[in-house]
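Notes follow the structure.
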Amino acid sequence: MASLLPEILFESSEQAPSPSKDFHQILVTRTEVIFRWWKISLRSEFRNTKPGELKESHLDFVDDTTLQAQIAIIFGQETLNYILNLCQGYYDYLERLPDPLLVYILSFLDLEDIAHLAQISNSDNLWEHIVEQSCDRVTPEMRALALDIGWKQLFFTNKLQLQLQLRRMKKRQEENQDLVD
């Protein structure tokens, strides 16, 4: 199954957190992790600084806590965890499917299975589809609330809470309209 994977498993580019303006790229291939950086500074001592690159095998990267800490700071802990999983051979094939195909496949599940899946899935497209299938009618007010709180939250909100939230949202809109007038 791993042979179905492309050569580049993951790629991301970010600007370092403030006050730095440095640019960073992380690339994970089937065999190595490549970390690149470009120093961006107006200070004269950095004018001749060339871009840097560090290549490590997956095994070396798993053991390199210093590089892991740097990646967590720049790209976030979730990205680091994902890269560590890739380096340890844990590939998420479902994540590579396009959202419309994933939604189509998952639409065949029972609600009980969807509830179990809810613990790991946060795709707003999926939850919108599930709400549309579960409800007799999705009103414009429900759509507006879903934009505010998310389709997943909307799905797991009981009817009384949903009615209360819809009333609150309508009241806020009326108050905002009064301010405009």
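FYI, the numbering just counts along the sequence from 1.
- The side-chain contact (heavy atoms from CB on, under 4.5 Å) test with F10 is passed by exactly one of T79, L27, N85: T79.
- A salt bridge is absent between R168 and D148: the closest approach of a Lys/Arg side-chain nitrogen to an acidic carboxylate oxygen does not fall below 4.0 angstrom.
- Transitive grouping of hydrophobic side chains (ILVMFWY, heavy atoms separated by less than 4.5 Å) brings L101 and I130 into a common cluster.
- In this structure, E141 and M169 approach most closely via the heavy-atom pair O-CE, 3.3 Å.
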Could you walk me through whether E132 and M142 pass side-chain contact (heavy atoms from CB on, under 4.5 Å), step by step?
CA-CA 11 Å; E132 288 172 346; M142 289 171 68; over 6 Å; no

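- For the pair R137 and T139, the tightest heavy-atom approach, listed with the atom from each and the gap, is NH1-CG2, 3.3 Å.
- Without hydrogens or angle criteria, Q68 side chain to V62 main chain gives a donor-acceptor distance under 3.5 Å.
- Note: the hydrophobic cluster containing W127 also contains I149 (ILVMFWY, side chain heavy atoms under 4.5 Å, direct or indirect links).
- Within a 6.0 Å radius of CD in E78, other residues, nucleotides and ligands contribute 12 heavy atoms or fewer.
- Applying the side-chain contact (heavy atoms from CB on, under 4.5 Å) criterion to A72, with sequence neighbours excluded, gives Q77, L80.
- F61 pairs in a side-chain contact (heavy atoms from CB on, under 4.5 Å) with only one of the listed residues (I83, V28, L86, L54), which is I83.
- Note that the CH2 atom of W151 and the CZ atom of R143 stand 4.5 Å from one another [nearest 0.5 Å].
- Between the NZ atom in K170 and the CG atom in L145 there is a gap of 13.5 Å [rounded to 0.5 Å].
- Taken to the nearest 0.5 Å, the CZ atom of R36 stands 4.5 Å off from the CD atom of E53.
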What do the steps show when you test F23 against I40 for side-chain contact (heavy atoms from CB on, under 4.5 Å), and what is the final call?
CA-CA 7 Å; F23 183 77; I40 300 172; 4.1 Å; yes

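- Ring-plane geometry between H24 and F35 is classed as parallel, the angle between the planes falling under 30 degrees on a 0 to 90 degree scale with a further cut at 60.
- A distance of 14.5 Å separates CH2 of W38 from OG1 of T49, quoted to the nearest 0.5 Å.
- Taking CD1 from I34 and CD1 from I8, the interatomic distance works out to 8.0 Å, rounded to the nearest 0.5 Å.
- Taking CD1 of I71 as the start and CG of N81 as the end, the distance is 11.5 Å to the nearest 0.5 Å.
- In this structure, F108 and Y104 have perpendicular ring planes: the angle between them is above 60°, well past the 30° mark.
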For a side-chain contact (heavy atoms from CB on, under 4.5 Å) check, start with the C-alpha distance between Q88 and H58, then their side-chain angles and the critical distance, and finish with the verdict.
CA-CA 7 Å; Q88 294 169 357; H58 287 186; over 6 Å; no

